[in-house]
K.L.:
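Would you mind keeping the following structure in view while I ask a few things?
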Amino acid sequence: MISLISYYADLAIGLILAFLLLSLLVSGINEGIVKLLGIRSKFLWAYLRDTLDGAETADGTSRLDRILDALKRLGRKARTPLTQAASPEEGRSRLPASVLGVFARLPFGRDPRPAFSRQPPPAQSPPLAAAADSVAADSVAAESVAADPVAAGSGAADPVAAGSVAAEQATAGQATASAEAPAGASADPAHLAGQADPEEIAVLTVEPAAVGAAGGVLPPDQGKSMAELLHERLQEIDHAKRGRTSIADIPPARFAVAVMEIAIEHGGVEALMRDLDALKSPFSQPLKAVWDRASHDLEAFGRGVEDWFDGEMERLSLLYRRYVRWVLVGLGLIVTLVFGMDSLEYGKTLLRDNAYRGAVTAFGQSGPQALEPLREQCEPGQDPYVCVTDVLSTPAFVKIFTHAPVSVTMDAAEGPAWAWHGGDWWQRLTSPGHWPGFLITLIALLFGAPFWWDILRRLSGLRARTSGSTPS
């Protein structure tokens, strides 16, 4: 009875070890793909762009998006759309709406991450501007054309004159008087030439970058979007990845401090909320709710922004894990089929291996009379002693790798030797008798490596080392 219990305990440990090893392989492949394509940071900044800068224009569909839409129409299996359909006035989300979008459109489409900069956070940020290729940018451009149609149609080549619409509107009366005055006249008729006040000279020579520093929204080429202003405040925790930011996790407290710094430079929280509302930014609504709940107290406002962002990151993490779960299903299926891991067959192999080793032990204790049962387990004509040696040197755990299309064996004299088993591997895959075992393996791999490690630790009695424990 004790021997039978030992056999089944060895069977359980062997299966758990196999599932743990294959789960680690699946997790490693997934992590390598995610890091290579920068999916985590792109996923985060796609959300931040949507939340802070508003939707992007829907009329600039790329070739990749058209290919994904064609695949959707061909398959008709995805329940969620590959790209979010929207009108040009409403725009569309940068955040993918399907697994194929996460691992196709997000890594190979337009990169939502800001450009990396080695400079420290600036002492004073540029003014707030609409994000390029966004609905807000089109709205700001349309308002500029409506405000000054003559300047818009003149096609002026001077970038300062073309980019200072807001400054010209603020000083329209003074600029007109200066243009109509004779040469050498000052801006103020009460002053002689060269006697203008410094304040008047500053107003007349205002730079476009200065407009919007205390409020107001500028076109994309005259400032930075809210997401870019946020990235400026996080540059000290950043490092480059192909010229783009690699930030994939933002501490909620650091996000709250960055928002407060931007608000103070922008002329206050209310001014920032007003301009975010003009940019059609979804961030303006939660910001207003937090500001009202805090009763216009900056300290309470900072805590409220931190709590809001913490909740948003939890929701975003759940969404990301839901997408990645299907990727893990695909990777688990590939690993199962590549190694031909039939759990039912492998369990039988473990039991036979344990019984065979028990017979070997009995042979060692009983002598040559126990040789006949061992001879039946070996190939015809094979020396039983060589057979016993091969079994003991090749445990059942190693046999999970013997069904792959390519195998390698180590020889002390000749070194590693590669062998191709493509025909046997394909015959194994197409045999319906192995399909139930493949399905069990796939389901087991979906539990993940942490689950199987915890089961192995509990079953074998291993204890996790705590931070205060000392090695014995």
K.L.:
Do the side chains of Pro114 and Arg49 get nearer than 4.5 Å, heavy atoms only?
P.N.:
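With C-beta onward as the side chain, the pair touches.
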K.L.:
Should we say atom CZ of Arg118 is surrounded by more than 12 heavy atoms from elsewhere, each under 6.0 Å from it?
P.N.:
no
K.L.:
Out of Ile443, Leu439, Leu442, Ile440, which one pairs with Ser343 under the side-chain contact (heavy atoms from CB on, under 4.5 Å) rule?
P.N.:
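Result for side-chain contact (heavy atoms from CB on, under 4.5 Å) with Ser343: Ile440.
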K.L.:
Of all the heavy-atom pairs spanning Gln427 and Thr430, show the shortest one and how long it is.
P.N.:
O-OG1, 3.2 Å
K.L.:
Assess whether a salt bridge exists between Asp277 and Arg274, defined as any Lys/Arg side-chain N lying under 4.0 Å from an Asp/Glu carboxylate O.
P.N.:
no
K.L.:
Quick one, Leu456 and Ile13 - any side-chain contact, counting heavy atoms below 4.5 Å?
P.N.:
yes
K.L.:
Going by side-chain contact (heavy atoms from CB on, under 4.5 Å), His403 matches just one of Met341, Glu345, His434. Which one?
P.N.:
Glu345
K.L.:
Tell me which donor-acceptor pairs under 3.5 Å the side chains of residues 298-309 have, and how far apart each pair is, sequence neighbours excluded?
P.N.:
from: Glu299; atom 1: OE2; to: Arg303; atom 2: NH1; distance (Å): 3.4

K.L.:
Is there a donor-acceptor contact under 3.5 Å from the side chain of Asp310 to the main chain of Pro252?
P.N.:
no
K.L.:
Side-chain atoms of residues 20-41: list all donor-acceptor pairs with protein atoms under 3.5 Å, sequence neighbours left out, distances to 0.1 Å.
P.N.:
from: Ser23; atom 1: OG; to: Phe19; atom 2: O; distance (Å): 2.7
from: Ser27; atom 1: OG; to: Ser23; atom 2: O; distance (Å): 3.1
from: Glu31; atom 1: OE1; to: Arg40; atom 2: NH2; distance (Å): 3.1
from: Glu31; atom 1: OE2; to: Arg40; atom 2: NH1; distance (Å): 2.9
from: Ser41; atom 1: OG; to: Gly38; atom 2: O; distance (Å): 3.2
from: Ser41; atom 1: OG; to: Arg113; atom 2: NH1; distance (Å): 3.2

K.L.:
Decide yes or no for Met226 and Leu230: does some side-chain heavy atom of the first lie under 4.5 Å from some side-chain heavy atom of the second?
P.N.:
no
K.L.:
Hey, is the main chain of Ser246 close enough, under 3.5 Å, to the side chain of Trp45 for a donor-acceptor pair?
P.N.:
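A pair under 3.5 Å: no.
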K.L.:
State whether Arg428 and Asp424 are salt-bridged, where the test is any N-O pair (Lys NZ or Arg NE/NH1/NH2 against Asp/Glu carboxylate O) under 4.0 Å.
P.N.:
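No, this pair does not count.
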K.L.:
Using side-chain heavy atoms (C-beta onward) and a distance below 4.5 Å, is Glu312 in contact with Phe255?
P.N.:
no
